[in-house]
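Written below as structure tokens is the structure these notes are about.
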Amino acid sequence: MKRRTAFTLVELLVVIAIIGILIGLLLPAVQSAREAARRVQCANNLKQMGLALHNYHFTHEAFPSGARSHLANNSWTWGFSWHVALLPFTEQQALWNKLDHTGAQGTAAGAALPHVGMIHQNSTAQGNIHNGNTIAGVTLSYMNCPSSPLATIGVTGTTVPGDKGAQRPMYTAVTGSSVHATAQDKHGQSNPHRLRGIRSTGGVLVGNAFLTFGSIRDGASNTMLVGEQSDFCVGPAGERIDCRSDYGHSFTMGATPEAHEDDRWFNTTTVRYGINHKTWNSPGIGDEYFGCNRPILSAHPGGAHVLLGDGSVHFLSESLDLQTLYRLADRNDGQVVTGL
């Protein structure tokens, strides 16, 4: 008898079929493991922000303002966000030092109001060009969720057309809930450049204020500071729409005072809708030019991460009761949250 030295066609096909079945079984497990790792990294980003917020409080005896205004020539104009305030506490002291905090550098000739926070390319006539060029192309990894399909760099946040763009963060400060006693309905304002939605100051990282741990009367473990925004909202035709609270103006953009004709707070949100609410045309989300109720949402299946005042990070289910989410958003509503 001759000894066979090769596989038959049938044997080869059987082996290929077995390998295909094994790959089909293993691929979901591999993808699940990768998403689990990305989710851990996202939670670690928030933990780093929590540590930075605590260190900021230790140094300045208060938390940073979620979005602050800027005083120049006795006039209030756009200032920096809480992201900028944390730079020295996230190993970004060098970047902090490069930024112009006065509006003196790069302001176009004849500009009456130097904006330190606004670096939008349409504002080159009066914006702070120096800061836009300083952060152009800079990527801070802790502001980026690795699971997110959103762009890390946005060209709308640039100062000079054609430059490298500016980073858009995937985490937003929480200013309170839409049912807090301080909540104001801003839908009826006639000026289209003012905010729309319901804005609250019941949280911790509010606009133009520096609150302390002592103001968190519900307890730091019962109060949100920061929420995730790492996925798209969905428009009426099923289109995916970026609905982050920086509104395309990058992580630097702050606020002007409420008394100013344009009282928007960027990089903050007032909680009005549940976790992973993605309906773009909901009031306070898709309104022009700014809806102050951009949702807490993520690309992670089933929920989103939030940072609490005690520095802990929790993954909140999208099925979480809305009233519980409101209680977490407010620092002094007298309601205690359990079972997170």
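Predicted, not measured: the structure shown is a model, and the values here were computed from it.
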For the [atom1] atom of [X] and the [atom2] atom of [Y], what is their distance to the nearest 0.5 Å?
X: N267; Y: Q229; atom1: CG; atom2: CD; answer: 8.5 Å
X: T90; Y: Q48; atom1: OG1; atom2: CD; answer: 6.5 Å
X: T201; Y: D330; atom1: OG1; atom2: CG; answer: 9.5 Å
X: N144; Y: N45; atom1: CG; atom2: CG; answer: 7.5 Å
X: F232; Y: K278; atom1: CZ; atom2: NZ; answer: 10.5 Å
X: E228; Y: M170; atom1: CD; atom2: CE; answer: 9.5 Å

Indicate the atoms forming the closest heavy-atom contact of [X] with [Y], along with that distance.
X: L205; Y: P64; result: CD2-O, 3.5 Å
X: N208; Y: P257; result: ND2-CA, 3.7 Å
X: A183; Y: S177; result: CB-O, 4.1 Å
X: L325; Y: G274; result: CD2-CA, 4.0 Å
X: Y171; Y: C42; result: OH-SG, 3.2 Å

Got a donor-acceptor contact below 3.5 angstrom from the [X] side chain to the [Y] backbone?
X: N222; Y: L308; answer: no
X: Q323; Y: D321; answer: no
X: W265; Y: L195; answer: no
X: R272; Y: R199; answer: no
X: T175; Y: S200; answer: yes
X: S298; Y: G303; answer: yes
X: N293; Y: T270; answer: yes
X: S69; Y: T256; answer: no
X: R168; Y: I153; answer: no
X: S230; Y: A299; answer: yes

Which label fits H249 and F266: parallel for a plane angle under 30°, tilted from 30 to 60°, or perpendicular past 60°? tilted
Geometric class of the H101/W96 ring pair [parallel <30°, tilted 30-60°, perpendicular >60°]: tilted
Verdict with supporting geometry, R194 and D263, salt bridge (Lys or Arg N to Asp or Glu O under 4.0 Å): CA-CA 6 Å; R194 300 187 77 176; D263 63 348; 3.3 Å; yes
Go through the side-chain N and O atoms of [X] and [Y] and say whether any donor and acceptor fall under 3.5 Å apart.
X: T223; Y: D218; result: no
X: Q93; Y: N97; result: yes
X: H83; Y: S81; result: no

What about [X] and [Y], same hydrophobic cluster or not, with Ile/Leu/Val/Met/Phe/Trp/Tyr joined at side-chain heavy-atom distances under 4.5 Å?
X: V84; Y: W82; result: yes
X: Y326; Y: I296; result: yes
X: V206; Y: I198; result: no
X: V226; Y: L150; result: yes
X: Y273; Y: V306; result: no

Result block: side-chain N/O donor-acceptor pairs under 3.5 angstrom for residues 281-288, not counting sequence neighbours:
| residue | atom | partner | partner atom | Å |
| --- | --- | --- | --- | --- |
| S282 | OG | H277 | NE2 | 2.8 |
| S282 | OG | T279 | O | 3.1 |
| D287 | OD1 | G284 | N | 2.5 |
| D287 | OD1 | I285 | N | 3.4 |

Residues in ring-ring contact (aromatic ring centres under 6.0 Å, His included) with H305, at least two apart? H300, F315
Is there a side-chain contact between [X] and [Y], using heavy atoms and a 4.5 Å cut-off?
X: T59; Y: F89; value: yes
X: R294; Y: R244; value: no
X: L316; Y: L328; value: yes
X: F80; Y: N131; value: yes
X: R240; Y: V234; value: no
X: T139; Y: Q167; value: yes
X: L140; Y: L87; value: yes
X: S215; Y: F210; value: no

Verify the ring-centre separation between F213 and H54: is it less than 6.0 angstrom? yes
Worked verdict on C243 versus C233 for disulfide bond (SG atoms under 2.5 Å apart): CA-CA 6 Å; C243 56; C233 285; 2.2 Å; yes
Would the number of heavy atoms belonging to other residues, nucleotides or ligands and lying under 6.0 Å from CD of E61 be above 12? no
